[in-house]
*Asks:* 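Have a look at this one.
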Amino acid sequence: MRYIKIFTVMIGAILVSFLLHAYFTSSVENDSQQKRVINVYTSLPAEIVACLAEEFERTNNVKINFILFSDKEALLNKIRGTNEEKVELVLTDSLLLDEAKTDQKLENYVSEQTDLLNDRFKDEHGFWQGVWYDPIVFCINYDYLKLTEQNISGWNDLYKDNKIRIGVVDVMASSAAANLYFTLVSQYGEDDAIKLLQKIHARVVQYSKYLATPVRMAGMREVDLAISVQSEIVRYMQDGFPVKIIYPEEGTSYLLTAVGLLKNADNKYDAKIFIDWLLQDGAQMSLQKNNIFYMPTNQTGLAYKTINIDNVKLLDNKLGNKTDVQNRLMNRWIKEVRLSN
């Protein structure tokens, strides 16, 4: 009887020990799972970040919580704050990240994946990494291309045919269009850039609010040529619209989307994994599956090769985010281009 009691006590002790172990293991696992979250500030549209978050969580078992900003100035002010939300990363345009770097809000990061990037697409000290870019190009309707005798290969060819109908995005409505304007000013100087845009303006039949509108108009033969971002043109080409991309021979502007690691980031381990993932095929393929076609900065992957395009000469916007200069230039564009006869 005495041995039975001893045996019962031993079994009870083992059972209690097992239950305690299971409880604490479960608590640790749950706590660990709760920590596997990355918070990301972004100015990108919800439909873009949604497919990235879904694919990364599926393949890496890490949740991405995107915090969206429609106003980039508000985003920059948030970065300059105290990071009370424990945000790890910022995914936005490279010009804004340059300002965050100047404010010493970013931590440098380099890896085998970032080393694959051309110097143009990353900060020289590793404070941000470009993940994709979107150049402004010409979208020409095939019917017009067959009928015209005018060779269109650059900006100065756009106004030589006095019958050409051009659709373009309003500089005041689109950051990509504004960036084109500032890039032309950087390249040619204010006066010559304004003169060029005035000549093109004489052929413009519509200034659109959205980047897709002039491309759709070119596909529907409502204009002969559209000036817009390449991603929208490729999307319409995938849908069978009869248009062709022409790259301006003098070069063109581009928006570079980049990612930066915040200094006070909580979960730096997973944040760095996410940065590397953004530079690989998984991220780009998830975008392309959702009919989103940006040019990957990593030109060694399959995703880059699937967008069958020629090389494009890229020009830099050297004005940066100088608000006072930009406001003055915007006012000049309105008076001397948009409202000119």
Side-chain angles (χ1 to χ4, degrees), residues 30-109 113-114 122-123 126-134 173-176 178-179 210-211 231 255-280 282-284 286-287 289-290 292 294 297 321 323:
N30 288 336
D31 185 55
S32 175
Q33 288 176 358
Q34 288 176 357
K35 288 182 179 178
R36 291 182 69 79
V37 175
I38 305 172
N39 294 306
V40 184
Y41 288 146
T42 187
S43 59
L44 299 179
E47 62 269 20
I48 293 177
V49 297
C51 63
L52 291 174
E54 180 181 356
E55 182 66 15
F56 185 75
E57 185 172 356
R58 185 184 70 82
T59 55
N60 292 272
N61 198 30
V62 177
K63 180 177 175 57
I64 307 291
N65 177 33
F66 280 104
I67 303 167
L68 276 59
F69 289 81
S70 57
D71 181 68
K72 291 182 181 179
E73 190 64 31
L75 171 54
L76 185 58
N77 289 335
K78 197 70 173 177
I79 295 170
R80 287 167 171 164
T82 57
N83 197 16
E84 293 176 354
E85 295 171 299
K86 302 299 182 184
V87 174
E88 281 76 26
L89 298 168
V90 183
L91 184 63
T92 186
D93 69 66
S94 59
L95 294 176
L96 190 145
L97 286 175
D98 261 335
E99 292 205 36
K101 168 194 168 182
T102 301
D103 293 336
Q104 299 183 344
K105 292 296 182 179
L106 301 180
E107 179 175 310
N108 66 320
Y109 172 66
Q113 292 300 322
T114 66
K122 60 185 177 184
D123 177 68
F127 286 100
W128 54 259
Q129 315 293 337
V131 292
W132 60 70
Y133 63 99
D134 205 9
S174 164
S175 58
N179 186 57
Y210 301 104
L211 290 164
S231 60
L255 284 181
L256 175 63
T257 298
V259 60
L261 177 65
L262 288 171
K263 264 189 176 181
N264 298 326
D266 225 23
N267 184 6
K268 291 184 180 180
Y269 175 79
D270 286 324
K272 292 175 180 178
I273 292 175
F274 184 58
I275 292 174
D276 285 344
W277 181 81
L278 284 172
L279 298 175
Q280 298 176 70
Q284 291 296 330
S286 69
L287 291 175
K289 286 177 185 176
N290 287 273
I292 301 167
Y294 294 127
T297 52
N321 274 345
T323 306

*Asks:* How long is the gap from CG on N65 to OH on Y41, to the nearest 0.5 Å?
*Replies:*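 N65 atom CG to Y41 atom OH measures 10.5 Å (nearest 0.5 Å).
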*Asks:* Is the side chain of D134 donor-acceptor paired with the backbone N or O of S231 at a distance under 3.5 Å, no angle test?
*Replies:*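 Yes; judged by distance alone, with no hydrogens or angles, the pair exists.
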*Asks:* With a 4.5 Å limit on heavy-atom distance, are the side chains of I48 and Y294 in contact?
*Replies:*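 In contact.
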*Asks:* At their closest point, which heavy atom of E99 faces which heavy atom of R80, and how far apart are they?
*Replies:*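 Minimum heavy-atom separation between E99 and R80: OE1-NH2, 3.3 Å.
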*Asks:* What's the shortest heavy-atom distance between W132 and Q284, and which atoms?
*Replies:*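 Nearest pair, atom of W132 first, then Q284: CE3-NE2, 3.5 Å.
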*Asks:* What's the verdict on side-chain contact (heavy atoms from CB on, under 4.5 Å) for N60 and W277, showing C-alpha distance, side-chain angles and the deciding distance?
*Replies:* CA-CA 10 Å; N60 292 272; W277 181 81; 4.0 Å; yes
*Asks:* Are any of the side-chain heavy atoms of V90 and T42 separated by less than 4.5 Å?
*Replies:*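 A side-chain contact under 4.5 Å is absent here.
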*Asks:* Find out whether L89 and I275 are in side-chain contact, i.e. whether some heavy atom of one side chain is under 4.5 Å from a heavy atom of the other.
*Replies:*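 In short, these two side chains touch, coming nearer than 4.5 Å.
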*Asks:* Determine whether L52 and I64 make a side-chain contact, defined as any pair of heavy atoms from C-beta on separated by less than 4.5 Å.
*Replies:*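 Not in contact.
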*Asks:* Are the charged groups of K289 and E55 less than 4.0 angstrom apart, N to O?
*Replies:*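 Judged by the 4.0 Å cut-off on N to carboxylate O distance, K289 and E55 do not form a salt bridge.
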*Asks:* Does a salt bridge link K268 with E107, judged by any charged N lying under 4.0 Å from a carboxylate O?
*Replies:*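 Salt bridge between K268 and E107, a charged N being under 4.0 Å from a carboxylate O: yes.
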*Asks:* Determine whether L96 and I79 make a side-chain contact, defined as any pair of heavy atoms from C-beta on separated by less than 4.5 Å.
*Replies:*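 Heavy-atom side-chain distance check passes, below 4.5 Å.
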*Asks:* Measuring only between side-chain heavy atoms, which start at C-beta, is V40 closer than 4.5 Å to E88?
*Replies:*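 No, too far: nothing below the 4.5 Å cut-off.
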*Asks:* Going by atom type alone, with no hydrogens or angles, which donor-acceptor pairs under 3.5 Å involve a side-chain atom of residues 259-266 and a protein atom two or more places apart or on another chain?
*Replies:*
none

*Asks:* Between K63 (side chain only) and I38 (backbone N and O only), is there a donor and an acceptor less than 3.5 Å apart?
*Replies:*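 No.
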*Asks:* Do side-chain atoms of N290 reach the backbone of S286 as a donor and acceptor pair under 3.5 angstrom?
*Replies:*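 Yes.
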*Asks:* Do S175 and K72 come close enough that some side-chain heavy atom pair is under 4.5 Å?
*Replies:*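 Counting from C-beta outward, S175 and K72 do come under 4.5 Å.
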*Asks:* Has the side chain of T297 got a donor or acceptor atom that lies under 3.5 Å from a matching backbone atom of G130?
*Replies:*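 Between the backbone of G130 and the side chain of T297 there is a qualifying donor-acceptor contact (under 3.5 Å).
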*Asks:* Between V37 and N267, is a side-chain contact (heavy atoms from CB on, under 4.5 Å) present by the stated rule, with each step listed?
*Replies:* CA-CA 7 Å; V37 175; N267 184 6; 5.8 Å; no
*Asks:* Restricting to non-hydrogen atoms, name the atom on T92 and the atom on S43 that form the minimum distance, rounded to 0.1 Å.
*Replies:*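 Smallest heavy-atom distance, with atoms named: OG1-OG, 2.7 Å.
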*Asks:* So, Q280 side chain and D276 main chain: donor-acceptor pair closer than 3.5 Å or not?
*Replies:*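 Yes: the side chain of Q280 pairs with the backbone of D276.
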*Asks:* Is any side-chain heavy atom of L256 less than 4.5 Å from a side-chain heavy atom of V131?
*Replies:*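 Contact flag for L256/V131 side chains = no.
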*Asks:* Nearest heavy-atom pair of R36 and V62: which atoms, and what distance?
*Replies:*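 Nearest heavy atoms, R36 then V62: NH2-CG2, 3.2 Å.
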*Asks:* If you take all heavy atoms of L91 and L44, which pair is closest and at what distance?
*Replies:*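 Answer, listing the atom of L91 first, then L44: CD2-CD1, 3.5 Å.
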*Asks:* Ring centroid separation for F274 and F56, is it under 6.0 angstrom?
*Replies:*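 Yes, the ring centres sit under 6.0 Å apart.
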*Asks:* Where is the tightest heavy-atom contact between C51 and I292, given as atom of each residue plus distance?
*Replies:*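 Shortest heavy-atom contact: SG-CD1, 4.4 Å.
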*Asks:* Would you please test S174 and L211 for side-chain contact (heavy atoms from CB on, under 4.5 Å) and show each step?
*Replies:* CA-CA 8 Å; S174 164; L211 290 164; 3.6 Å; yes
*Asks:* Between W128 and N108, is any side-chain donor less than 3.5 angstrom from a side-chain acceptor?
*Replies:*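 Per modelled atom types, W128 and N108 side chains form no pair under 3.5 Å.
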*Asks:* Looking at NZ of K122 and OG1 of T114, how far apart are the two atoms once the value is rounded to the nearest 0.5 Å?
*Replies:*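 Reported to 0.5 Å precision, the distance equals 5.5 Å.
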*Asks:* For the side chain of D93 and the backbone of L95, is there at least one donor-acceptor N/O pair under 3.5 Å apart?
*Replies:*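 Judged by distance alone, yes, a pair lies under 3.5 Å.
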*Asks:* What do you reckon, is CD of E47 surrounded by more than 12 foreign heavy atoms closer than 6.0 Å?
*Replies:*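 Yes - once you tally the heavy atoms of other residues, nucleotides and ligands closer than 6.0 Å, there are more than 12.
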